[in-house]
Every structure is written in structure tokens, then in C-alpha cells.
2 protein chains.
Amino acid sequence: MTGKPKISPSSEQIRAAGVKVTRQRVRVLDALLAARQPLCHGELESQLGGAEAGSRRVIDRVTLYRVLDSLVACGLAMRAVDPRGVFRFSATGAPRQHAGHVHFRCTDCGGVFCLKAEPPPPPALPRGFRLAQVEFDVRGTCAQCGAR
Amino acid sequence: MTGKPKISPSSEQIRAAGVKVTRQRVRVLDALLAARQPLCHGELESQLGGAEAGSRRVIDRVTLYRVLDSLVACGLAMRAVDPRGVFRFSATGAPRQHAGHVHFRCTDCGGVFCLKAEPPPPPALPRGFRLAQVEFDVRGTCAQCGAR
DNA sequence: TCTGCAAATGCAACAATGTTGCATTTGATG
DNA sequence: CATCAAATGCAACATTGTTGCATTTGCAGA
């Protein structure tokens with residue numbers, strides 16, 4: 001078994017999560033793991049579709065939605081909403097490059113800036129509550145947009 | 001001129017903001033001011049439409065979008081995105097009942113709980129950046145969902 | 001290796017939310 | 001009251017997300 005061509009770590013993650021390992025799921029999870037920031041459906045679609053352009057469509061629009069749903073359901077991905085009201089997905093296992101600091105989002109140009117500040121400590125929760133994720137979202141206008 | 005039927009405070013706010021005072025704008029701002037929580041487009045539509053049901057449609061769907069845009073543009077209202085990805089609007093002049101504390105959102109049942117904790121102070125921004133809004137988002141599973 | 005079945009996929013159609021173009025109406029101003 | 005830009009209503013369109021159903025595929029067991 002030394003010559004197995006290529007076992008992406010995603011396959012293992014998916015198998016470990018107890019769901020079927022399919023080409024589509026591997027592709028999508030790979031994309032999420034490689035991404036520096038959470039991706040929306042459209043970005044994933046064009047990224048996956050564009051990569052192998054030439055053959056036929058790599059993944060169906062609806063399938064992509066369902067794959068994302070399944071990844072979220074089995075804990076391999078997370079879903080958040082961006083300021084435009086669009087769902088964005090990120091791999092939970094991915095190195096969270098953006099986990100240790102706070103983000104500033106310019107409502108004018110849409111740009112995202114990483115602030116030096118550390119995220120605030122999570123607040124105390126009532127008995128029985130379990131914390132899964134904390135997001136500290138700071139919005140306004142960046143220096144460039146403010147200058148105009 | 002003593003008998004002017006009814007001058008809602010919204011009219012004054014709108015006039016002060018320097019934009020035309022129209023029936024639609026007054027209605028929408030009234031609704032936002034009266035609301036206990038941010039309202040989405042659909043809620044506003046049915047609320048406004050239902051109130052005067054009988055005559056014809058009170059406000060056009062598109063007009064409602066545009067009125068909301070204009071209220072946001074002149075600073076009388078604020079726009080945020082809810083966890084479903086839908087825009088929600090609130091009057092900036094309205095008593096912000098939910099402004100002074102942090103929210104916990106259960107990713108299981110979708111419920112929102114108000115925590116006792118105060119929101120963390122906004123972080124320092126680079127030169128030229130202007131802060132418009134801060135959101136502290138805490139997610140996980142609530143006691144009830146966690147018990148199952 | 002083959003077979004069978006539940007899960008996953010692709011396709012079409014639909015639903016909800018938000019936007020644009022344009023003709024008509026209306027608020028404010030002189 | 002005359003005027004004109006702004007606001008409104010209507011129709012059509014765009015984007016994002018969902019549902020139903022027939023076909024394909026991963027995977028477990030014979």
C-alpha cells in the first residue's frame with residue numbers, strides 16, 4: 001500500500017466524522033481547508049468549477065449547498081453570515097489564521113483588516129450552556145474610504 | 001393652523017435629518033420606533049400592510065426597501081444582518097433595549113438568550129479608521145438543547 | 001468480487017430576498 | 001399656484017438558498 005496516489009487529509013477527516021467519503025465532499029473540504037478566510041457559496045463554486053474547467057461542471061450548485069450543509073452538520077465546517085447577508089463557510093479543522101485577533105470590516109469598500117487587539121474573553125454563561133464560538137465583529141469605515 | 005391632525009415625532013426626526021417628509025417614511029420610522037427589536041423587511045411589510053388592510057396596499061415592497069435605505073442613509077435607522085442572513089432594521093433614536101448586553105445564540109434551536117455580561121469595549125483602531133458598529137456574537141448550545 | 005441499499009448527486013423547478021428601470025405622483029419651495 | 005427634484009408604484013430581473021425526484025455511487029456484507 002505504499003503507492004496509493006494521494007490521500008488528502010480531508011478524506012481522513014471526513015471518514016473520521018462518520019460520513020461517506022465522496023469526491024465532492026473532499027473537494028469542498030479541501031477548498032475550505034486551503035482558504036485563508038471563510039468562503040461563500042459563489043466563491044466555492046467558481047473556485048471548484050474554474051479549477052478543472054474543461055471537463056464538465058465539477059459540482060452542481062445544489063450539491064454544493066448540500067455538501068456544505070453536511071460538513072456543517074458533522075462538525076467539519078462552520079457557517080457564519082457576512083455583512084451582506086451571505087453565508088460563509090470555514091473548515092473547523094483549518095489552522096485558524098484569523099482566530100487570535102479582531103477584525104475590522106469596512107462598510108464602504110468591504111475590505112477586512114486585522115487589528116492588533118486580542119479578542120475579548122468569552123462571557124460567563126448560564127448553567128448548562130455550552131460555548132461553541134465567539135465572534136467579535138467591528139465595523140466602520142477604513143482610513144482610505146474615510147479620506148474621501 | 002391649530003388643527004393639524006397628528007404630528008408624530010418621526011416627522012420631526014425626518015425633517016431634522018434634512019430629507020422629505022413623506023407618508024411612507026413616517027409610517028416606516030414609526031414602526032421602527034415602536035418595535036422592541038430590529039425588524040426585517042417582511043415583518044415591516046405585513047405590519048404596515050395589515051394595519052390599514054381594507055384600502056389598497058399601504059406601501060409597495062420596493063418602496064419599503066428604498067425607504068429603509070434612505071432612513072439608514074440619513075442616520076435615522078441602522079441595518080444589521082440576522083443569523084439567517086436577512087437584513088434587520090432598527091431606529092437609531094429608539095430605546096436600544098438590547099444594546100447593553102451580550103447575546104447568546106443556540107446553534108441547535110436557533111434561540112437567542114440575553115446574557116448578563118456587558119459587551120466588551122471596542123478595540124483601538126489604526127489611524128484614520130472610524131468605528132460605526134460593534135457586534136459581539138456568542139454561539140453554542142443552550143441548556144435545553146444540551147440536555148438532550 | 002459481486003450485490004444491494006441507503007446516501008449522495010444532478011437536474012429542474014421553486015421560494016425568499018433584494019435590486020434596477022421607468023413612468024407617475026408628491027413634497028417643498030419660490 | 002407653478003415648478004421640479006425627490007419619492008412612489010409597478011414590472012421585471014438578479015442573487016441566494018431550498019425542495020422533489022430520478023439516477024448514480026460509496027460502502028458493507030455475501
Side-chain angles (χ1 to χ4, degrees), chain A residues 4 7-8 10-29 38-46 48-49 52 55-74 76-77 79-89 110, chain B residues 1 4-5 7-8 10-29 38-46 48-49 52 55-74 76-77 79-89 110:
Chain A
K4 269 240 177 89
I7 300 184
S8 73
S10 349
S11 310
E12 289 315 311
Q13 284 190 36
I14 294 172
R15 189 185 320 283
V19 296
K20 281 191 187 176
V21 179
T22 70
R23 204 164 32 115
Q24 314 294 40
R25 281 215 251 255
V26 173
R27 270 190 226 268
V28 173
L29 186 51
L39 301 176
C40 69
H41 179 273
E43 290 164 351
L44 277 165
E45 194 176 15
S46 58
L48 295 178
E52 195 140 341
S55 50
R56 85 190 113 149
R57 176 132 70 281
V58 178
I59 186 170
D60 184 67
R61 217 173 68 86
V62 176
T63 301
L64 177 50
Y65 275 112
R66 290 200 265 231
V67 164
L68 287 169
D69 280 349
S70 73
L71 290 179
V72 170
C74 70
L76 291 177
R79 190 173 79 165
V81 185
D82 81 357
R84 268 190 12 213
V86 179
F87 292 141
R88 304 198 89 90
F89 299 86
Chain B
M1 292 16 181
K4 270 238 176 91
I7 302 184
S8 72
S10 349
S11 311
E12 289 315 310
Q13 284 191 34
I14 294 171
R15 189 185 321 283
V19 297
K20 280 192 187 176
V21 180
T22 70
R23 206 164 32 113
Q24 313 294 39
R25 282 216 250 256
V26 173
R27 270 190 227 266
V28 173
L29 186 52
L39 301 176
C40 69
H41 179 273
E43 289 163 351
L44 277 165
E45 195 177 15
S46 60
L48 295 177
E52 194 140 340
S55 50
R56 84 191 115 151
R57 175 132 71 280
V58 178
I59 187 170
D60 183 68
R61 217 174 68 89
V62 176
T63 300
L64 177 50
Y65 275 112
R66 290 201 265 231
V67 164
L68 287 169
D69 281 348
S70 73
L71 290 180
V72 169
C74 70
L76 292 177
R79 190 172 80 165
V81 186
D82 81 357
R84 266 189 14 213
V86 180
F87 293 141
R88 304 199 90 90
F89 299 86

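Letters A, B, ... mirror the listed sequences (proteins, then strands); counts begin at 1.
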Atom pair CZ/CD of A:Arg88 and A:Glu43 - distance to nearest 0.5 Å | 4.0 Å
Nearest-0.5 Å distance that lies between atom CD in A:Glu45 and atom CG in A:Asp60 = 8.0 Å
How would you list, by chain and number, every residue that makes a ring pair (Phe, Tyr, Trp, His ring centres under 6.0 Å) with B:Phe87, sequence neighbours excluded?
-> none
Whole-Å distance separating the CG atom of B:Asp60 from the P atom of C:dG18 | 15 Å
Qualifying residues under side-chain contact (heavy atoms from CB on, under 4.5 Å), relative to A:Arg84, sequence neighbours excluded = A:Asp82, A:Val86
Rounded to whole Å, the CG-C1' distance (B:Leu64 to C:dG18) equals 11 Å
Starting from C1' on C:dG18, measure out to CG on B:Asp82 and report it in whole angstrom.
-> 14 Å
Mind checking what makes side-chain contact (heavy atoms from CB on, under 4.5 Å) contact with B:Val21, not counting sequence neighbours?
-> B:Ser11, B:Ile14, B:Arg15, B:Val26
What does nucleotides 17-30 of chain D look like as a protein-contact string, B for base, S for sugar-phosphate only, - for none, at under 4.0 angstrom between heavy atoms?
-> BBBB-----BS---
To 10°, what angle do the rotation axes through the five end pairs on each side of the helix from C:dT1-D:dA30 to C:dG30-D:dC1 form?
-> 30°
Nearest-Å distance for atom pair CD/P, residues B:Gln24 and C:dT25 | 15 Å
Excluding sequence neighbours, so at least two apart, what forms side-chain contact (heavy atoms from CB on, under 4.5 Å) with B:Ser70?
-> B:Arg25
Report the distance from atom CD of B:Gln13 to atom SG of B:Cys74, rounding to the nearest 0.5 Å.
-> 9.5 Å
The reported gap from CD1 in B:Ile59 to OG1 in B:Thr22 (rounded to nearest 0.5 angstrom) is 8.0 Å
For B:Arg27 and D:dA7, what is the distance between atoms CZ and P respectively, to the nearest whole Å?
-> 17 Å
